[in-house]
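Position 1 is the first residue of the sequence; numbering continues from there.
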Amino acid sequence: MSQLDRYAVMGNPIAHSKSPMIHTLFARETGQKLEYRAILVELGQFADAVQAFRTEGGKGLNVTVPFKRDAWRLVDERSACAALAGAVNTIQFREDGTLYGDNTDGIGMIRDIRDNLGVALAGKRVLLLGAGGAVRGVLGPLLEEKPATVVIANRTPDRAQELADAFEEQGRVEGSSFADLDGTRYDIVINGTSASLKGEAPPLPEGILARDAFCYDMMYAAEPTAFMRWADDEGCERVADGLGMLVEQAAESFRLWRGVRPQTAPVIKAVREALLKG
Ligand code: ATR
């Protein structure tokens, strides 16, 4: 049996996950000895898969679509961030046999936007598109940056309003439909809808970007996403995808498990190159 500490990411689908590459690069860079693999889990089988991984000596897990909610339910203890997000993307198997759940998606996105891309969030008018798990996961850390206001816009406006209500104690946040955005300008627009997966951009009114606005898609692909192309068409000069977020959330998971935070810039570069090669 392998002597290396074992980690994995669980999801469905999982074949194209970049997490094994990212964590292998982190381990090499920090001199940590571990193995990290991707595990495909059938729907309804998440708890059993976690138990099986624990039995074979697993130390920690990343959890991705569609199991983040199941992971939230399964863990024995949650970080404040995970509790608020209603989702867990990182599990630590503790020595006493209990499971600790964290959510590093939000801090990963903040680190990418604020530190890697140099875009301050404090005092800005922020528009968040979507009201599903992706947006819920980042709202807490986003509001901690003290933006002037956060507007959540969604195809189903009631979901945006529900989310705004759930986070009202964390900062200034309101819900909206896409059409009602007309007439207001935003400094930062973040796409957390899954529209990009279908090659679509959310139906946004024209002229909602402030001068020098910054647009960010939580999704990433080898080519610019439909939302990034929309931003470009609106004359936006600062546009980014979520590949940096992916690497940053992984770095936070790695730090939780191993007590050391890896350098992310070389890994973002390597993953981008791998993505472009296909
Ligand atoms: P996730 O956990 O990835 O956020 P989700 O909970 O299914 O997934 O949420 C998907 C989000 O993308 C929702 O906000 C959804 O809008 P609805 O709440 O109205 O369903 C949004 N979405 C999906 N496809 C979209 C599209 N083509 N245009 C605009 N919004 C879309």
Side-chain angles (χ1 to χ4, degrees), residues 11-12 43 46 63-73 78-89 101 103-110 113 121 124-145 147-206 208-209 213 215-220 225-228 230-231 241-242 245-246 249:
N12 188 340
L43 301 184
F46 181 72
V63 181
T64 188
V65 178
F67 300 119
K68 292 183 190 185
R69 187 89 192 150
D70 300 77
W72 185 85
R73 282 195 209 96
R78 306 174 185 116
S79 69
C81 187
L84 205 55
V88 157
N89 80 333
N103 189 319
T104 63
D105 288 329
I107 187 66
M109 187 187 81
I110 300 300
I113 294 178
L121 290 143
K124 299 288 176 60
R125 295 185 57 82
V126 178
L127 173 60
L128 256 182
L129 307 173
V135 165
R136 190 180 183 106
V138 302
L139 255 176
L142 177 62
L143 289 166
E144 271 180 30
E145 292 298 299
T149 180
V150 173
V151 173
I152 305 168
N154 196 41
R155 186 170 61 181
T156 313
D158 284 355
R159 290 187 78 197
Q161 192 54 53
E162 277 166 31
L163 212 44
D165 291 346
F167 282 81
E168 66 181 1
E169 283 174 20
Q170 267 66 47
R172 276 197 61 184
V173 51
E174 57 190 87
S176 174
S177 66
F178 290 127
D180 284 340
L181 296 172
D182 207 3
T184 315
R185 289 186 183 268
Y186 294 89
D187 304 306
I188 297 177
V189 182
I190 299 170
N191 182 29
T193 71
S194 50
S196 295
L197 290 175
K198 294 173 240 160
E200 294 168 10
L204 297 167
E206 281 176 19
I208 59 165
L209 298 182
C215 288
Y216 189 86
D217 199 334
M218 289 194 217
M219 301 270 167
Y220 66 88
T225 65
F227 169 73
M228 293 166 76
W230 169 86
D241 72 6
M245 172 178 172
L246 174 77
Q249 63 79 29

Quick check for you: to the nearest 0.5 Å, what is the distance between L121 atom CG and L143 atom CG? 10.5 Å
F167 vs I152, side-chain contact (heavy atoms from CB on, under 4.5 Å): CA-CA, chis, key distance, verdict: CA-CA 11 Å; F167 282 81; I152 305 168; over 6 Å; no
Scanning both residues in full, the closest heavy-atom pair of G242 with Y216 reads CA-OH, 3.6 Å
Pairwise distance CE(M245) to OG1(T104) - rounded to 0.5 angstrom: 8.5 Å
Do you know which two heavy atoms are closest between A179 and P205, and how far apart they sit? O-CG, 4.2 Å
With the side chain counted from C-beta on, respond yes when L43 and F67 share a heavy-atom pair under 4.5 Å apart, and no when they do not. yes
Locate the shortest heavy-atom distance separating F178 from R155; write the atom from each residue and the value. CE1-N, 3.2 Å
Report all side-chain donor-acceptor pairs from residues 181-192 shorter than 3.5 Å, counting only partners two or more places apart or in another chain.
from	atom 1	to	atom 2	distance (Å)
R185	NH1	G207	O	3.4
R185	NH1	L209	O	2.8
D187	OD2	R125	N	2.7
N191	OD1	T193	N	3.1
N191	OD1	T193	OG1	2.9
N191	ND2	S196	OG	3.3
N191	ND2	D217	OD1	3.3
N191	ND2	D217	OD2	3.4

What is the distance from atom CH2 of W230 to atom CG of L129, rounded to the nearest 0.5 Å? 7.5 Å
Testing the basics here: between R136 and G86, what is the closest heavy-atom pair and its distance to 0.1 Å? NE-N, 4.2 Å
What's the spacing between I113 CD1 and L142 CG if we round to 0.5 Å? 7.5 Å
State, to 0.1 Å, how close P66 and D70 come at their nearest heavy-atom pair, and which atoms those are. O-OD1, 3.6 Å
Report yes or no: does N103 contribute a side-chain atom to a donor-acceptor pair with the main-chain N or O of C81 at less than 3.5 Å? no
To the nearest 0.5 Å, what is the distance between CD1 on I107 and CD on E144? 7.5 Å
Exam field: side chain R78 to backbone W72, donor-acceptor pair closer than 3.5 Å: yes
Would you check if Q170 and L84 make a side-chain contact, meaning some heavy-atom pair closer than 4.5 Å? yes
Compare every heavy atom of G101 with every heavy atom of A82, then report the nearest pair and how far apart it is. CB-O, 3.8 Å
Find the distance between CE (M218) and CG (L128) and round it off to the nearest 0.5 Å. 5.5 Å
